[in-house]
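Worksheet for the structure shown next.
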Amino acid sequence: MKQDSSRNATYTVDCEDYVHVVEFNPFDSGAVGSLIAYGGNNYVVIGTCRFQEEDAEVEGIQYETLRTFHHGIRVDAIAWSPETRLDALPPQIRFCTAAADRKLRLFTSDLQDKNEYKIFDGHSDYINDLVFAPKEGQDIASVSDDHTCRVWDLEGNQKAYFVLRSPGMSVCWHPEEAFKLMVAEKNGTIRFYDLITQQAILSLQSEQMPLMSAHWCLRNTLKIGAVSGNDWLIWDITRSSYPQDKRPVHVDRARLFRWSRVNENLFATTGYPGKMTCQLLVHHLGHPQPILIGSAAVGSGLTWHRTLPLCAVGGDHKLFFWVTEM
């Protein structure tokens with residue numbers, strides 16, 4: 001665990017396997033550090049991180065594994081529940097995964113003896129993204145290559161079902177817009193659904209394909225970002241259904257887009273893994289060029305820390321962390 005130059009990761013943590021996906025807990029869990037989940041070929045690891053940027057007594061990064069959950073199959077996506085609390089008695093960890101067998105798995109653990117999981121069955125093709133309802137965490141939304149977005153309760157019953165015109169790539173639920181769901185499709189359309197009427201209420205167009213990833217800005221509900229083809233695109237939903245800003249960034253096609261949780265002008269994108277490395281770019285809307293360029297060996301996944309301008313990517317037997325000076 002060492003500090004490297006700006007192109008290399010600021011910090012790294014060794015893992016026992018290839019990391020397919022990594023997610024910081026976006027909710028306050030009452031813990032001193034940040035909860036982080038990462039998934040590999042047949043397991044999910046829940047750990048906690050502290051960084052010197054938030055605690056003067058930490059040198060670099062302090063990482064501890066809390067628990068490893070056997071998963072039995074490759075993990076494709078992970079979502080945290082807002083019901084995860086480490087300051088409760090007993091503590092509760094709750095998260096949901098999407099796996100290569102087209103099923104969701106909801107895990108609940110007290111980090112002691114209680115370790116339960118439920119399987120949600122219904123999608124007929126790969127699940128690309130999932131998210132918990134951000135307030136109470138009683139519902140989970142998922143999108144799939146089967147051209148559907150589904151909303152489930154915690155027992156695995158389907159509460160809502162939206163038919164899409166192409167594979168669903170991203171789904172977002174904003175804490176300030178609890179009755180709306182954002183769904184991004186591979187054909188370049190981003191729709192907002194009203195969960196009470198179960199109708200589409202607004203749509204955005206990228207005018208290019210394939211749209212691989214989209215994200216709703218936490219700091220500004222009017223801002224949507226996405227990557228499509230080689231470009232990143234930004235919408236202000238009050239101004240137009242077409243992007244206000246776009247820029248080509250990844251020669252080999254862009255893969256993921258994630259807004260920072262602390263600054264509405266800061267976001268990161270990743271390219272497709274090439275033969276060996278995957279490119280991470282951190283962008284600021286006030287700067288014409290990326291403000292940080294990183295690379296990770298066969299990197300995958302992308303997530304921002306809840307309170308720091310710090311993002312993480314998974315890779316070959318490693319987690320990579322980059323700190324942005326913004």
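Since this is a predicted model, take the numbers as computed values, not measurements.
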Any chance you could measure [X], atom [atom1], to [Y], atom [atom2], to the nearest 0.5 Å?
X      : Y      : atom1 : atom2 : result
Asn41  : Arg74  : CG    : CZ    : 8.0 Å
Leu164 : Thr189 : CG    : OG1   : 10.0 Å
Phe257 : Ser170 : CZ    : OG    : 10.5 Å
Leu218 : Glu176 : CG    : CD    : 7.0 Å
Thr324 : His284 : OG1   : NE2   : 10.0 Å
Asn187 : Ser228 : CG    : OG    : 9.5 Å

In this structure, are over 12 heavy atoms from other groups packed under 6.0 Å from [X] atom [atom1]?
X      : atom1 : answer
Tyr117 : OH    : no
Gln138 : CD    : yes
Gln289 : CD    : no

If you group Ile, Leu, Val, Met, Phe, Trp and Tyr by side-chain heavy-atom gaps below 4.5 Å, do [X] and [Y] land in one group?
X      : Y      : answer
Tyr161 : Val183 : no
Ile73  : Ile127 : no
Phe162 : Leu130 : no
Leu222 : Ile201 : yes
Ile46  : Leu106 : no

Would you call [X] and [Y] a side-chain contact if the rule is heavy atoms closer than 4.5 Å?
X      : Y      : answer
Asp245 : Trp232 : yes
His215 : Leu302 : no
Trp304 : Val282 : yes
Leu66  : Leu35  : yes
Lys180 : Leu202 : no
Pro309 : Asn263 : no
Val45  : Cys15  : no
Val21  : Thr303 : no

Evaluate side-chain hydrogen bond (donor to acceptor under 3.5 Å, both in side chains) for Arg191 paired with Ser203, printing each intermediate quantity in order.
CA-CA 4 Å; Arg191 277 195 191 80; Ser203 73; 5.2 Å; no
Exercise: do Arg94 and Thr84 side chains pair donor with acceptor under 3.5 Å:
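Judged by distance alone, the side chains do not pair up.
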Checking the side chain of [X] only, and the main-chain atoms of [Y] only, is there a donor and an acceptor separated by less than 3.5 Å?
X      : Y      : result
Thr108 : Glu116 : no
Thr148 : Arg150 : no
Ser144 : Asp125 : yes
Lys186 : Met209 : no
Lys159 : Asp139 : no
Ser260 : Val262 : yes
Ser300 : His20  : yes
Asp194 : Gln199 : no
Gln62  : Arg50  : no
Gln244 : Tyr242 : yes

Tell me, with the steps shown, if Asn25 and Phe95 meet side chain to side chain contact (heavy atoms under 4.5 Å, CB included).
CA-CA 9 Å; Asn25 181 8; Phe95 62 93; over 6 Å; no
Verify the ring-centre separation between Phe321 and Phe51: is it less than 6.0 angstrom?
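Ring centroids of Phe51 and Phe321 are less than 6.0 Å from each other.
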So Leu308 and Val323, side chain to side chain contact (heavy atoms under 4.5 Å, CB included) or not? Walk me through it.
CA-CA 8 Å; Leu308 294 173; Val323 177; over 6 Å; no
Under a 4.0 Å threshold between the charged nitrogen and the carboxylate oxygen, would Arg247 count as salt-bridged to Asp231?
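Salt bridge: no.
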Can you tell whether the side chains of Glu185 and Arg165 come within less than 4.0 Å, N to carboxylate O?
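Judged by the 4.0 Å cut-off on N to carboxylate O distance, Glu185 and Arg165 do not form a salt bridge.
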With under 30° as parallel and over 60° as perpendicular, where do the rings of [X] and [Y] fit, or are they tilted in between?
X      : Y      : result
Tyr38  : Tyr63  : tilted
Phe69  : Phe107 : perpendicular
His283 : His250 : perpendicular

Do you know which two heavy atoms are closest between [X] and [Y], and how far apart they sit?
X      : Y      : result
Gly271 : Cys278 : O-SG, 3.3 Å
Leu154 : Phe120 : O-CZ, 3.6 Å
Gly314 : Val22  : N-CG1, 3.6 Å
Thr221 : Ile237 : O-CD1, 3.9 Å
Ser34  : His305 : OG-NE2, 2.7 Å
Asp129 : Met169 : CB-O, 3.5 Å

Does NZ or CZ of Arg258 fall inside the cone over Phe267's six-membered ring, less than 6.0 Å from its centre and within 45° of the axis?
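Verdict for Phe267: no cation-pi partner in Arg258.
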Might you work through the side-chain hydrogen bond (donor to acceptor under 3.5 Å, both in side chains) test for Asp14 and His317, ending with a clear yes or no?
CA-CA 6 Å; Asp14 291 330; His317 291 77; over 6 Å; no
For His174, which of Phe179, Trp216, Trp259 qualifies under ring-ring contact (aromatic ring centres under 6.0 Å, His included)?
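With His174 as partner, ring-ring contact (aromatic ring centres under 6.0 Å, His included) holds for just one option, Trp216.
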Test Phe24 against Arg261 for side chain to side chain contact (heavy atoms under 4.5 Å, CB included), laying out the working first.
CA-CA 11 Å; Phe24 276 116; Arg261 302 187 167 278; 6.0 Å; no
Side chain to side chain contact (heavy atoms under 4.5 Å, CB included) between Leu211 and Ile190, intermediate numbers included:
CA-CA 9 Å; Leu211 188 150; Ile190 299 173; 4.1 Å; yes
